[in-house]
Amino acid sequence: QVHLVESGGGLVQPGGSLRLSCAASGFTLDYYNIGWFRQAPGKEREGVSCISSMAGSTYYADSVKGRFTISRDNAKNTVHLQMNSLKPEDTAVYYCAADLRPVQAMCVTTANEYDYWGQGTQVTVSS
């Protein structure tokens with residue numbers, strides 16, 4: 001059974017860093033596109049970043065480009081989102097998701113392309 005679990009969220013001061021992890025069970029992450037999304041209170045869900053399966057190409061939303069980095073740890077069947085220079089506007093619940101169409105060269109952060117979702121982890125950036 002496919003299962004995704006996010007971890008690594010918490011409270012951090014502006015300018016700080018966090019590393020989120022998305023651990024998978026029931027399937028091998030590196031065969032599939034993985035996306036990170038976030039949703040702040042009262043706002044729509046936003047696609048943050050994704051990494052493709054085949055070529056390992058990545059995408060970042062303009063709001064996080066240059067500050068966030070997505071990566072795979074295939075040995076641990078995990079995808080990470082390293083978040084640096086955090087801002088209060090990064091405060092949200094962060095979700096990872098898996099697109100189970102195998103072996104794609106590119107990825108997109110369109111939510112309805114993703115089949116399985118984790119439960120989310122809260123990130124709060126505040127002084």
Side-chain angles (χ1 to χ4, degrees):
Q1 188 171 1
V2 173
H3 199 51
L4 295 170
V5 178
E6 303 95 335
S7 62
L11 173 64
V12 64
Q13 292 187 342
S17 297
L18 285 173
R19 188 176 81 154
L20 304 185
S21 297
C22 174
S25 60
F27 72 108
T28 302
L29 268 180
D30 60 345
Y31 292 157
Y32 305 104
N33 289 359
I34 303 299
W36 281 97
F37 297 79
R38 66 186 181 187
Q39 189 164 21
K43 295 189 177 181
E44 293 187 354
R45 182 169 46 191
E46 174 189 15
V48 174
S49 180
C50 63
I51 186 165
S52 73
S53 56
M54 189 173 74
S57 63
T58 57
Y59 166 84
Y60 299 94
D62 287 343
S63 57
V64 306
K65 200 171 295 182
R67 300 188 297 122
F68 289 13
T69 303
I70 191 169
S71 62
R72 292 182 181 275
D73 183 344
N74 292 336
K76 295 183 178 180
N77 209 27
T78 298
V79 169
H80 299 292
L81 185 69
Q82 177 67 43
M83 307 188 297
N84 298 330
S85 303
L86 283 162
K87 305 175 181 179
E89 52 264 42
D90 294 318
T91 295
V93 178
Y94 284 71
Y95 301 89
C96 68
D99 173 356
L100 294 191
R101 294 171 295 168
V103 191
Q104 299 182 66
M106 303 293 291
C107 67
V108 295
T109 52
T110 305
N112 60 13
E113 296 288 324
Y114 290 82
D115 305 287
Y116 288 93
W117 294 77
Q119 82 289 347
T121 185
Q122 176 70 47
V123 171
T124 302
V125 185
S126 175
S127 55

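Keep in mind that the numbers below use all heavy atoms, side chains included, and drop hydrogens, waters and symmetry copies. It should be emphasised that the depicted structure is a prediction, and the values quoted were computed from it without experimental measurement.
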Quick one, Y59 with T109, criterion side chain to side chain contact (heavy atoms under 4.5 Å, CB included). Give me CA distance, side-chain angles, the key distance, then yes/no. CA-CA 8 Å; Y59 166 84; T109 52; 3.4 Å; yes
Test side chain to side chain contact (heavy atoms under 4.5 Å, CB included) on R38 and S63 and set out the steps. CA-CA 12 Å; R38 66 186 181 187; S63 57; 3.5 Å; yes
Go through the steps to decide whether V93 and T121 satisfy the test side chain to side chain contact (heavy atoms under 4.5 Å, CB included), and finish with yes or no. CA-CA 5 Å; V93 178; T121 185; over 6 Å; no
So L81 and S49, side chain to side chain contact (heavy atoms under 4.5 Å, CB included) or not? Walk me through it. CA-CA 8 Å; L81 185 69; S49 180; 4.1 Å; yes
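Of the possible polar contacts, one joining the D115 side chain to the L100 backbone as a donor-acceptor pair under 3.5 Å is found. Here the side chain of E6 pairs a donor or acceptor atom with the backbone of G120 at under 3.5 angstrom. The closest donor-acceptor contact from the side chain of T78 to the backbone of D73 lies at 3.5 Å or more, if one exists at all. Side-chain atoms of N77 come within 3.5 Å of backbone N or O of A24 as a donor-acceptor pair. T124 places no side-chain N or O within 3.5 Å of a backbone atom of L11 that could act as its donor or acceptor partner. Formation of a donor-acceptor pair under 3.5 Å by the N33 side chain with backbone atoms of S53 is found in this model.
Centroid-to-centroid, the aromatic rings of F37 and Y114 come within less than 6.0 Å. For an aromatic pair to be called close, the ring centres must be under 6.0 Å apart, and Y60 with F68 fails this.
Evaluation of the ring-ring contact (aromatic ring centres under 6.0 Å, His included) test over residues 79-107, restricted to residues two or more places apart or in two chains, returns none.
Linking Ile, Leu, Val, Met, Phe, Trp and Tyr residues whenever their side-chain heavy atoms come within less than 4.5 Å places I70 and Y31 in a single cluster.
A salt bridge does not link D90 to K87: none of the charged nitrogens lies less than 4.0 Å from a carboxylate oxygen.
In Y116, the OH atom is not crowded: 12 or fewer heavy atoms of neighbouring residues, nucleotides or ligands sit closer than 6.0 Å.
In this structure, R45 forms a cation-pi arrangement with W117, its terminal cationic atom sitting closer than 6.0 Å to the ring centre and no more than 45° off the ring axis.
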